[in-house]
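When a ligand or atom number is given, it counts from 1 through the structure's own listing order.
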Amino acid sequence: MATTHWELYDAIVIGAGIQGCFTAYHFTKNKRKVLLLEQFFLPHSRGSSHGHSRITRRAYPQDFYTKMMEECYEIWAQLENESGTKLYRQTGLLILGRKEEAEFRTTQDNLSKHGVEHKYFNWEEMKRRFPNIQLPPGHGGIWESSGGVLCADKALKALQDLIRQLGGVIHDGEKVTEIKPGFPVTVTTTTRTYQAKSLVITAGPWTNQLLLPLGIQLPLQTLRINVCYWKEKVPGSYGENFPCFVVVFPDLIPHHIYGLPAGEYPGLVKICYHYGNKADPDERDCPSASPDVADVRILSGFVRDCLPGLQPQPAIMECCMYTNTPDKNFILDRHPKHANIVIGAGFSGHGFKLSPVVGKVLYELSVESTPSYDLTPFRIRRFKHQDKASL
Ligand SMILES: Cc1cc2nc3c(=O)[nH]c(=O)nc-3n(C[C@H](O)[C@H](O)[C@H](O)COP(=O)(O)OP(=O)(O)OC[C@H]3O[C@@H](n4cnc5c(N)ncnc54)[C@H](O)[C@@H]3O)c2cc1C
Ligand SMILES: O=C(O)[C@@H]1CCCC=N1
């Protein structure tokens, strides 16, 4: 039976992925008592935040993300200073596509509007500057020099160390099994019961499991993503001086492809498809899941045609989870009936870079201070006519 722990926390945060860690970090920075609960022993690789690397960039078609990224870059730098750990490598980033295509053009316009340094390279310029990228005719690249790589595992460790140093409490290996709404909110795990003034749920692909007894289901799709690594034919050709890239070829490939320079594993370039197979996070690796590999076939074709210096079959395949919303925008909101329960979910495969501001906003919602950003695009009520939603 779970024993009761009689300390009243300002907040309990469920889930020590990057969003829960940054939320707990903002609580401790603001001198609030926070308890971060994680079902698995840390570190673990069963959610969405593990692995060595993530892309960071300001290049987005939606200007609310570009705006948020300004402060994200500042907080990432602050975290580097406070932890004494290098977390960001500036590699530059290319968005590859066609000027005539809406998303490509909106991204370029958005960078101009926000004064972000960037350039457009047409097909000939791309060929000259990046001879190891072979684009289809008529395609070009938007170059954003501030794009780069974030060190994901190191960031999680840095945040968890700082949360503890600043007086926050982290309990790993404790799965939350029951939430009793109210003031205070009562949270029971596999070992103990706790109370807090507010609760933040940042449970990644497990979010709807926790929300079911709280009377809502969000329209979230949980996907198993194949994380593929591709071998350089000539060692070093896609390493040090190669940028991150995002491929936006909607006429040829239904979802984005993205890549990061070799470095994580020597001589291997990480290239993934921005879509996967539907999967329950608890059954991600079960042999019965037998995912189809249409994504890997698409990636192989892209590598063969556009990155001729790489072997066109993956050398390593790992696994990660996405939690997608129908519009691929995040959910950052309060529970519709319980105002002291805050939800951060649906990061749709692009939430890592934005986690410093996500954590700040979730903190602000919990302590009822005015959010620093307009949260209209992230509200739960935008789904009120959605089939899968029960709000
Ligand atoms: C292959 C891949 C590549 C990506 N690339 C990029 C990129 O280049 N750039 C970018 O910005 N983003 C990228 N992302 C997206 C980004 O990594 C995610 O948006 C982000 O990690 C989501 O974090 P999270 O904290 O919401 O979820 P998670 O990391 O899944 O964390 C949720 C946590 O909650 C815990 N939990 C769940 N239920 C309970 C419970 N009942 N009790 C206690 N704990 C619980 C889980 O164990 C887990 O640790 C990528 C994602 C993947 C999978
Ligand atoms: O968020 C990112 O930058 C990457 C690349 C584009 C698709 C998803 N993740």
First-shell residues of ligand 1 [heavy atom, distance under 4.0 Å] =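 Lining ligand 1 at under 4.0 Å, by heavy atoms, one finds Ile14, Gly15, Ala16, Gly17, Ile18, Gln19, Leu37, Glu38, Gln39, Phe40, His44, Gly47, Ser48, Ser49, Arg54, Ile55, Glu174, Lys175, Val176, Thr202, Ala203, Gly204, Pro205, Trp206, Leu210, Ile225, Val227, Tyr258, Cys320, Met321, Tyr322, Phe347, Gly349, His350, Gly351, Phe352, Lys353.
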Are a donor atom and an acceptor atom from the side chains of Thr66 and Asn110 found within less than 3.5 Å of each other?
->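 Side-chain D/A pair, Thr66 to Asn110: present.
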Going by distance alone, is a donor N or O of one side chain under 3.5 Å from an acceptor N or O of the other, for His50 and Glu318?
-> no
Any donor and acceptor pair, going by atom type alone, linking the side chain of Asn340 with main-chain N or O of Phe183 inside 3.5 Å?
->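 No, Asn340 side chain to Phe183 backbone: no donor-acceptor pair under 3.5 Å.
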Do [X] and [Y] have their ring centres less than 6.0 Å from each other?
| X | Y | value |
| --- | --- | --- |
| Tyr273 | Phe302 | no |
| Phe64 | Phe378 | yes |
| Phe330 | Tyr65 | yes |

Which of these, Ile253, Val293, Val303, sits in a side chain to side chain contact (heavy atoms under 4.5 Å, CB included) with Ile298?
->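 Checked Ile253, Val293, Val303 against Ile298; only one passes side chain to side chain contact (heavy atoms under 4.5 Å, CB included): Ile253.
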For the residue pair Phe121 and Phe130, does the interplanar ring angle fall in the parallel (under 30°), tilted (30 to 60°) or perpendicular (over 60°) class?
-> tilted
Mind checking whether His274 and His350 have parallel, tilted or perpendicular rings, split at 30° and 60°?
-> perpendicular
Mind jotting down which protein residues get a heavy-atom contact under 4.0 Å with ligand 2? Chain and number order, please.
-> Ile55, Arg57, Val246, Tyr258, His274, Gly349, His350, Lys353
